[in-house]
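To start, the structure itself, in structure tokens.
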Protein chains: 2
Amino acid sequence: MNISARTEYAIRALLSLTSAQMAGSTTVSAESMANAQGLPKKFLEAILLDLKRGGLITSRRGSSGGYQLNGQAGQITLGSVVRAVDGPLAEVRGARPQDAAYDGDASHLPVVWVALRASIRTVLDEVTLLDVVTGELPAHVLGLADQPDAWRNR
Amino acid sequence: MNISARTEYAIRALLSLTSAQMAGSTTVSAESMANAQGLPKKFLEAILLDLKRGGLITSRRGSSGGYQLNGQAGQITLGSVVRAVDGPLAEVRGARPQDAAYDGDASHLPVVWVALRASIRTVLDEVTLLDVVTGELPAHVLGLADQPDAWRNR
DNA sequence: TGATTCCCTATTAATTAAATGGGATATACC
DNA sequence: GGTATATCCCATTTAATTAATAGGGAATCA
């Protein structure tokens, strides 16, 4: 149940591209993203390639090349980023939640796994890159983060 | 964002113990749990040790020994099981969600991570072992699993 | 006493995660 | 055309984690 470095780096790089899009600039190089966010450059390059293959960004080579978002920052969700770099959300022992089959005492377990994935989706598939940069997060998400113990460990 | 085999095995073993508790029996051996749920026995033993150290079960050695739940099945949540065998929910690159620190474009990201963890908690910390065995899951959880596309991949 | 069953440490094998290196390919600008 | 820039791509490395197994010690009961 962890967010990988890959995913975290991907999101932070895309937030740089979002910022650039808002400022009206064209492309941003891997190097400047790595510097701005403190990410290992070659590792970031590999991640950006995944993002490109996933259709989230476009790129241009050459002297004034770099990357930019493929589409509007307000249309790109964190969920799509996670899926592009780390695969499906909430897999259970390598399988999709609804495909985990059990019998006997555990027969109702898939319902729980599906609900768990659905609850994760209510956050990751509702928050866009633009939301994160502006801090104007969906009411539902702010509500979750405003719960009494949300910021405390259990 | 995955559920490990460790966690899945732990839950399935505990569901066997829940069933035994409901039937009024005393202890269940690791071997019979492994057989009933099709789990590797020695691996299961290691997991049961974690569960014991986490205070979720008790054990007795010897010829009619075995394991039993420490407390009522209706009081033990899936969240406590996950924490006992796999550590904290929803860590971000090895740190707690609220401890991930960023500046610049990513400064609002911790709010998202905390909200994500909160949403996971609304499922895992609300569902008990008894709920799963009986299939009588909390309304909130059933609601999530009843959403139109909850059972479909994205 | 002997069978049973948990307890515990160590080890292994496979996979994944995180990163690095080197170089080929495309682009812009002088 | 030449050169600097920057993506693209493959191969390799290192470390950590995951999943599982092995072997035997310690407690318990009949």
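Within every chain, numbering begins at 1; the chains are lettered A, B, ... in the order of the sequence lines, protein sequences first and strands thereafter.
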Step-by-step side chain to side chain donor-acceptor pair (under 3.5 Å) determination, B/Gln98 to A/Arg152:
CA-CA 8 Å; B/Gln98 74 276 16; A/Arg152 309 197 56 183; over 6 Å; no
Is the phosphate of D/dA19 approached by B/Tyr9 (side-chain N or O, under 4.0 Å from OP1 or OP2)?
no
Whole angstroms only, please: what is the CG-P distance between B/Asn2 and D/dT18?
11 Å
Does A/Lys52 place a side-chain N or O at less than 4.0 Å from the phosphate oxygens OP1/OP2 of D/dC8?
yes
B/Asp149 bridged to B/Arg154 by N-O distance under 4.0 Å:
no
Does A/Arg53 put a side-chain nitrogen or oxygen below 4.0 Å from OP1 or OP2 of D/dC9?
yes
Between CG of B/Asp50 and C1' of C/dT9 the distance, given in whole Å, is 14 Å
With a 3.5 Å cut-off and no angle check, do the side chains of B/Asn35 and B/Ser32 form a donor-acceptor pair?
no
Send over the distance from A/Arg61 CZ to C/dG23 C1', rounded to a whole Å.
12 Å
Choose from D/dA19, C/dC7, C/dA18 the nucleotide whose nearest atom is closest to any side-chain atom of A/Ser4.
C/dA18
Could you state the atom-to-atom distance from CD of B/Gln68 to P of C/dT5 in whole Å?
15 Å
Phosphate OP1/OP2 of D/dC8 contacted by A/Ser59 side-chain N/O (<4.0 Å)
yes
Salt bridge or not between A/Arg12 and B/Asp105? Use side-chain N to carboxylate O under 4.0 Å.
no
Taking the nucleotide of DNA chain C with the nearest heavy atom to each, does A/Ser64 or B/Glu31 sit closer to the 5' end?
B/Glu31
Any side-chain N or O of B/Arg93 under 4.0 Å from OP1/OP2 of C/dA18?
no
Starting from C1' on C/dA18, measure out to CD1 on A/Ile3 and report it in whole angstrom.
16 Å
Taking only the side-chain heavy atoms of A/Ser63 (C-beta and beyond), determine which of D/dA20, C/dC8, C/dA28 contains the nearest atom.
C/dA28
A/Asp86 CG to C/dT16 C1', in whole Å, measures 10 Å
Atom pair distance, as rounded to whole Å: CZ in A/Arg12 and P in C/dA18:
13 Å
Select base, sugar-phosphate, or nothing to describe what A/Ala30 touches, counting heavy atoms under 4.0 Å on all strands.
sugar-phosphate
Hey, which sits more toward the 5' end of DNA chain D by its nearest nucleotide, B/Leu44 or A/Met33?
A/Met33
Would you say the side chain of B/Asp125 lies within less than 4.5 Å of the side chain of B/Arg83, judging by non-hydrogen atoms?
yes
Which part of the nucleic acid, if any, lies within reach of B/Glu45 when heavy atoms closer than 4.0 Å are counted: base, sugar-phosphate only, or nothing?
base
Taking NZ from B/Lys42 and P from C/dC7, how many angstroms apart are they, rounded to a whole number?
12 Å
